[in-house]
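All remarks here apply to the structure that follows.
What you see is a predicted model, and the numbers here were worked out from it, not measured in a lab. By convention in this document, chain letters (A, B, ...) are assigned in the order of the sequence lines, proteins followed by strands, and residues within each chain are numbered from 1.
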There are 2 protein chains.
Amino acid sequence: MASIKDVARQAGVAISTVSKVLNGYEGVSESTKDKVNAAIEALNYTPNAVAAALSSKQFGRVALLLKLEETVGCVDEINLQYLSGAIHRAKELKLDVVTLFFSMVADMGLDELTSYLKAQSVEGIIAYGMNEEDEFLRELIASGAFKIVLVDAPYHDRNTSSVWIDQKNAQYEIAKKTILGNESCTKVLYIAGDKKSFVTGERIAGMKKLAEELALELTIEYGDFSEKKARELTFSYADRMDVFVCASDLMAIGAMRALMELDVFHPVCGFDGIPLMSYAGKQMNTVRQDFYGVSAAAVEEVDRLLHLEEGRNVVLGYELVRMRYQDIVE
Amino acid sequence: MASIKDVARQAGVAISTVSKVLNGYEGVSESTKDKVNAAIEALNYTPNAVAAALSSKQFGRVALLLKLEETVGCVDEINLQYLSGAIHRAKELKLDVVTLFFSMVADMGLDELTSYLKAQSVEGIIAYGMNEEDEFLRELIASGAFKIVLVDAPYHDRNTSSVWIDQKNAQYEIAKKTILGNESCTKVLYIAGDKKSFVTGERIAGMKKLAEELALELTIEYGDFSEKKARELTFSYADRMDVFVCASDLMAIGAMRALMELDVFHPVCGFDGIPLMSYAGKQMNTVRQDFYGVSAAAVEEVDRLLHLEEGRNVVLGYELVRMRYQDIVE
DNA sequence: CTGTTAGCGCTTTCAG
DNA sequence: CTGAAAGCGCTAACAG
């Protein structure tokens with residue numbers, strides 16, 4: 001591998017000059033810049049990122065902290081989209097990413113985790129799906145040792161930003177669309193997610209707003225993002241409700257299945273917009289979240305935090321869709 | 001962050017001595033070793049991996065090269081298990097992993113890709129699900145620039161190993177179990193995967209062996225791992241066959257659905273053993289592949305290759321299972 | 001057994 | 001505008 005020294009020699013300039021053009025610093029004449037670039041080209045030179053990191057003490061490394069739920073395989077698609085979005089954007093921003101799973105760090109203490117990450121030279125962390133119970137993440141934030149971006153959790157400070165879509169409004173809109181799209185829907189069962197997830201509260205707020213606006217009779221139950229629970233809830237509420245609004249597609253499938261078994265029709269709507277729904281064999285309204293885009297935005301945000309000390313909330317858009325479920329996967 | 005220098009000072013020894021105990025080299029007396037360890041403890045010191053890598057020119061970094069099929073979300077679970085297995089094992093072996101997707105590198109030339117990876121100080125690559133069409137991977141192997149482990153592709157040389165389960169025998173056994181477990185199954189439709197995947201040929205070989213042994217009438221069709229195609233094939237062969245052996249769970253679901261629609265019963269078996277099957281609402285035999293374990297083994301193998309120049313084929317075990325599909329996800 | 005020393009490849013002052 | 005030189009934190013000969 002050619003090194004910066006080779007490039008310098010080839011171009012007939014000093015190493016520091018090469019470094020300057022490499023990093024796009026000003027104060028290099030066009031002519032030398034050209035010479036350097038020619039040399040880089042000729043030698044097929046790629047800077048050694050490790051050496052650069054050591055020298056500059058800027059590692060630009062961010063850890064992606066993912067939660068792998070063993071029980072529900074259907075969220076894997078979401079996680080993979082998160083990963084894909086983050087990794088692609090990180091490549092563009094020339095950030096280095098490492099993927100970690102909660103299970104790897106859950107049993108570490110704060111000190112151990114901190115030095116583990118520091119040793120890996122990570123400076124930033126993107127945490128997906130943190131919830132109220134994740135005490136250690138809270139400590140990590142409080143320690144201020146890292147720049148952190150929380151996806152789907154509402155907190156920000158100097159070193160911490162949050163990135164998510166407007167859950168409240170999305171839930172409001174998809175429910176509204178579903179309810180107004182069908183006649184005489186006043187009694188609404190809202191099957192919420194799990195109590196500890198931050199998104200749950202936001203979405204409930206959206207439903208309450210809608211209930212007030214349309215004078216609905218709103219009943220709220222927690223389905224814990226479980227198809228089974230949603231199914232059971234639907235069974236027990238089927239004869240008392242007009243419409244079933246669910247906080248996830250998976251729960252919406254559970255609700256639909258219950259209604260099909262009972263052989264009654266009620267509108268159902270979901271949330272997430274993942275192709276998992278292909279297996280349900282029906283159509284329904286849902287909110288398509290751009291997990292890839294959210295994750296890419298999180299990387300941008302962590303990049304920003306790496307340079308500025310100024311966390312913030314980033315709220316992204318979403319899309320209301322009517323999913324056309326193929327019954328069969330092609 | 002404390003550096004090796006601080007540790008040396010604290011322990012009253014030279015930095016090279018600290019380095020030696022850090023790396024477990026011999027030739028350090030117990031007493032100084034203790035002093036050094038005490039200093040490390042006291043200062044809560046963690047070695048800087050970047051500096052170590054630069055200095056030793058051993059980066060121990062391996063890239064995981066994954067293929068994300070946009071069309072079929074159901075393989076996401078497999079990919080995530082691959083990732084999880086690799087990342088966990090890599091942590092234990094103190095290897096550094098980066099996750100890459102084929103889509104990120106597909107449009108690069110060999111030189112570009114090589115220098116991209118070299119710049120990232122990648123020394124080893126684990127490629128998942130490479131198939132015959134992946135020309136550039138073939139070139140990468142030929143270039144000899146990296147230590148490569150292929151998962152589910154049968155090739156090895158000095159710098160390349162392969163890791164997979166015994167596809168032929170697994171297919172043989174699961175089909176045998178299914179066929180012998182039901183009466184008078186002689187006409188067998190084998191719905192294979194896609195022609196370009198290496199596993200396809202292996203599995204077909206297993207079926208041929210079985211057909212010979214049990215004097216079966218074996219018909220082979222390619223379902224391309226598509227639920228839809230498997231379903232169509234099943235429709236058209238339903239009245240001519242006794243049993244439907246499929247090269248993936250997803251195709252097995254397609255076959256089962258077709259049979260259910262036709263309201264006839266024939267035994268069906270699948271391959272993979274992923275919970276996706278939960279959605280089918282039936283039971284069937286399948287081969288449970290331990291994707292996590294395969295991936296962990298691949299990391300071990302790349303670690304071995306990093307030290308030895310001696311690729312090989314690693315064949316792992318599998319399990320025949322009868323999946324109990326919950327119809328509902330809890 | 002222990003310490004001294006020369007780098008790894010790059011960034012970054014600071015003179016010229 | 002350009003170049004010389006001092007490290008970043010660590011490893012690895014090589015002396016002692």
Next item on the list: Using a 4.0 Å heavy-atom cut-off across all strands, classify Ser29(A) as base, sugar-phosphate, or nothing.
Entry: sugar-phosphate
Next item on the list: Take atom CZ of Phe59(B) and atom P of dC10(C), then tell me their distance rounded to the nearest Å.
Entry: 10 Å
Note to self: Rounded to whole Å, how long is the line connecting atom NZ of Lys57(B) with atom P of dC8(C)?
What the structure shows: 7 Å
Check: Can you find a side-chain donor-acceptor pair between Tyr116(B) and Gln120(B) that sits under 3.5 Å?
Finding: yes
Next item on the list: For a side-chain contact (heavy atoms from CB on, under 4.5 Å) with Val149(B), tell me which candidate from Val62(B), Val302(B), Ile125(B) qualifies.
Entry: Val302(B)
Notebook entry, point to check: Counting only side-chain N and O atoms of Ser3(B), is one of them less than 4.0 Å from OP1 or OP2 of dC8(D)?
Noted result: no
Notebook entry, point to check: How close or far is atom C1' of dA12(D) from atom CD of Gln58(B), stated in whole angstroms?
Noted result: 12 Å
Item checked: Ser19(B) vs dT11(D): side-chain N/O to OP1/OP2 distance below 4.0 Å -> yes
Notebook entry, point to check: Any side-chain N or O of Asn48(A) less than 4.0 Å from the OP1 or OP2 oxygen of dC8(C)?
Noted result: no
Check: Reckon Val13(B) touches a base, only the sugar-phosphate, or nothing at all at heavy-atom distances under 4.0 Å?
Finding: sugar-phosphate
Next item on the list: Select one nucleotide: of dC10(D), dT2(C), dC10(C), the one nearest the side-chain heavy atoms of Pro47(B).
Entry: dC10(D)
Check: Using a cut-off of 4.0 Å on non-hydrogen atoms, how would the nucleic acid contact of Tyr45(A) be classed: base, sugar-phosphate, or nothing?
Finding: sugar-phosphate
Notebook entry, point to check: Can Ser103(A) and His88(B) be counted as having a side-chain donor-acceptor contact under 3.5 angstrom?
Noted result: yes
Next item on the list: Please state whether the base of dA4(D) and the side chain of Ser16(A) form at least one donor-acceptor pair under 3.5 Å?
Entry: yes
Note to self: I want to verify a distance call: between dT4(C), dG9(C), dT11(C), whose nearest atom is closest to the Leu54(B) side chain?
What the structure shows: dG9(C)
Check: Within the structure, does a side-chain N or O atom of Tyr25(B) lie under 4.0 Å from either OP1 or OP2 of dA12(D)?
Finding: yes
Check: Quick one: Ile4(A) CD1 to dC8(D) P, roughly how many Å, whole number?
Finding: 18 Å
Next item on the list: Could you tell me whether Lys118(A) and Glu123(A) have a side-chain N and a carboxylate O separated by less than 4.0 Å?
Entry: no
Margin query: For dT2(D) and Thr32(A) - does any side-chain N or O of the residue sit under 4.0 Å from the phosphate oxygens OP1/OP2?
Written below: yes
Check: Of the nucleotides dT2(C), dA12(D), dG9(D), which has the atom closest to the Lys20(B) side chain?
Finding: dT2(C)
Notebook entry, point to check: Is the NZ or CZ atom of Lys20(A) both under 6.0 Å from the centre of the six-membered ring of Tyr25(A) and within 45° of that ring's axis?
Noted result: no
